[in-house]
Amino acid sequence: MLRLSLVFALLATSGVQAACPPVRIGYMDQDRPPYWLGKGAEVPDPPGVAVDYLRAAAAAAIPCPVQFVRLPANRLRIALQTGAIDYLPIEERAELPTEVTLPRDRNGVLERSRAVHTSIIVLVRAADQLPADTVTPRYFQGRVIGVPYGAPYADTLRDAGIKVDEGGRDLESNVGKLKLKRVDGVALTVGAVSDMDQAIAERYGTDVVRLRVPLFSSNIWLATNPAYYTAHRDQVEAVWTWMATHQQELNSMMAKYSRK
């Protein structure tokens, strides 16, 4: 009798899993502490505060197992478009990709209230001794900023009269260029402007510092593709709504990655 009950339990579990396959959330395979930790395809433990936040959003709104998929930055949008992944964090840019679905109101207007609000900060050489009140966008007129490969704000910087070097794959390569004076600053996307201060200090000591004034503010949405949205509309809307009402949780999650 016990054995038969076990068989029924296994069948029931298998049926649930078959009816509810894992939901795949993609993100870049780069090390950008404290948001994304580690390199390559493996998701490390701990994975970074951004993964923790997305896990919390998924747990609150998605009734299926969730799988995180790390891919090179240039493959992520293709993976979303083809259905290889179901969700992808998308940073705001002048022209958002048409092949993704983002939260919009009844008039089709993009809802920034359901995005994670961010800032673009700049790291510079401490030896340059820039004043604390440096107006970052003005200072970099005609100067060169290194940005991660594929950074969505590269064209915005160029339009503002800033030269852009986007050949660096990650933070390490861009800071390397900064130290070699091949670029005058390194741009990064953060939540709160001070989020990466500890990681930068641990990696580069006093050689690299953050300018107090960010370049500008931006947003990140959790995008899906049209087919997935059509099939799972209520789930997707629930994820977006959770993110709209729980942005402050990022601050509390950050404590896990702060020095005790």
Side-chain angles (χ1 to χ4, degrees), residues 27-54 68 70-74 76 89 91 116-132 134 136 139-140 143-154 157 162-218 220 250-260:
Y27 71 99
M28 60 187 174
D29 61 352
Q30 298 178 15
D31 185 45
R32 294 192 190 174
Y35 302 106
W36 319 107
L37 301 185
K39 297 180 181 180
E42 184 177 350
V43 178
D45 183 19
V49 68
V51 177
D52 288 345
Y53 180 74
L54 292 175
F68 283 88
R70 304 192 75 180
L71 292 170
N74 60 353
L76 284 168
E91 192 168 352
V116 174
H117 306 307
T118 63
S119 294
I120 311 302
I121 62 168
V122 177
L123 307 179
V124 295
R125 294 176 291 269
D128 289 349
Q129 298 183 327
L130 296 182
T134 296
T136 307
Y139 173 77
F140 277 95
R143 291 184 167 87
V144 182
I145 286 185
V147 304
Y149 173 76
Y153 47 82
L157 296 180
I162 298 171
K163 299 176 183 178
V164 175
D165 181 327
E166 54 183 330
R169 183 180 184 277
D170 51 24
L171 178 63
E172 283 301 320
S173 58
N174 277 324
V175 171
K177 292 180 181 180
L178 181 66
K179 290 182 174 181
L180 292 171
K181 298 187 177 182
R182 291 172 56 189
V183 298
D184 302 299
V186 172
L188 297 169
T189 301
V190 296
V193 293
S194 61
D195 278 356
M196 288 197 68
D197 287 357
Q198 176 180 313
I200 296 302
E202 289 175 349
R203 288 189 176 203
Y204 309 114
T206 58
D207 294 338
V208 176
V209 295
R210 170 179 59 84
L211 290 180
R212 182 178 59 82
V213 179
L215 276 170
F216 52 84
S217 299
S218 189
I220 293 178
L250 271 170
N251 295 331
S252 59
M253 292 177 181
M254 192 69 69
K256 175 180 177 181
Y257 298 90
S258 299
R259 180 183 293 132
K260 300 297 186 285

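- Annotation: ring-ring contact (aromatic ring centres under 6.0 Å, His included) contacts of Tyr35 (sequence neighbours excluded): none.
- The closest donor-acceptor contact from the side chain of Thr189 to the backbone of Ile120 lies at 3.5 Å or more, if one exists at all.
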Just list the side-chain donor-acceptor pairs under 3.5 Å for residues 122-129, sequence neighbours left out, or say none.
from   : atom 1 : to     : atom 2 : distance (Å)
Arg125 : NE     : Asp128 : OD2    : 3.2
Arg125 : NH1    : Leu178 : O      : 2.7
Arg125 : NH1    : Val183 : O      : 2.9
Arg125 : NH2    : Asp128 : OD2    : 3.2

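- Judged by the 6.0 Å distance and 45° axis criteria, Arg143 is positioned over the aromatic ring of Tyr139.
- Using a distance-only test at 3.5 Å, with no hydrogens or angles considered, a donor-acceptor pair links the side chain of Asp195 to the main chain of Ala192.
- For Ala199, the side-chain contact (heavy atoms from CB on, under 4.5 Å) partners two or more places apart in sequence, or in a different chain, are Pro33.
- Not a single salt bridge (charged side-chain N to carboxylate O under 4.0 Å, His left out) links Asp170 to another residue, sequence neighbours left out.
- Applying the side-chain hydrogen bond (donor to acceptor under 3.5 Å, both in side chains) test to residues at least two apart or on different chains, the pairs with a partner in residues 44-54 are Asp52-Lys256, Asp52-Tyr257.
- Listed by first and then second residue, the side-chain hydrogen bond (donor to acceptor under 3.5 Å, both in side chains) pairs that reach into residues 204-214 are Glu172-Tyr204, Asp197-Arg210, sequence neighbours excluded.
- Using bins of under 30°, 30° to 60° and over 60° for the plane-to-plane angle, the ring pair Tyr27/Trp36 lands in the parallel bin.
- Panel note: side chain Asp29, backbone Gly40; no donor-acceptor pair is recorded below 3.5 Å.
- Pro152 is linked by a side-chain contact (heavy atoms from CB on, under 4.5 Å) to Glu91, Arg93, counting only residues two or more places apart in sequence or in another chain.
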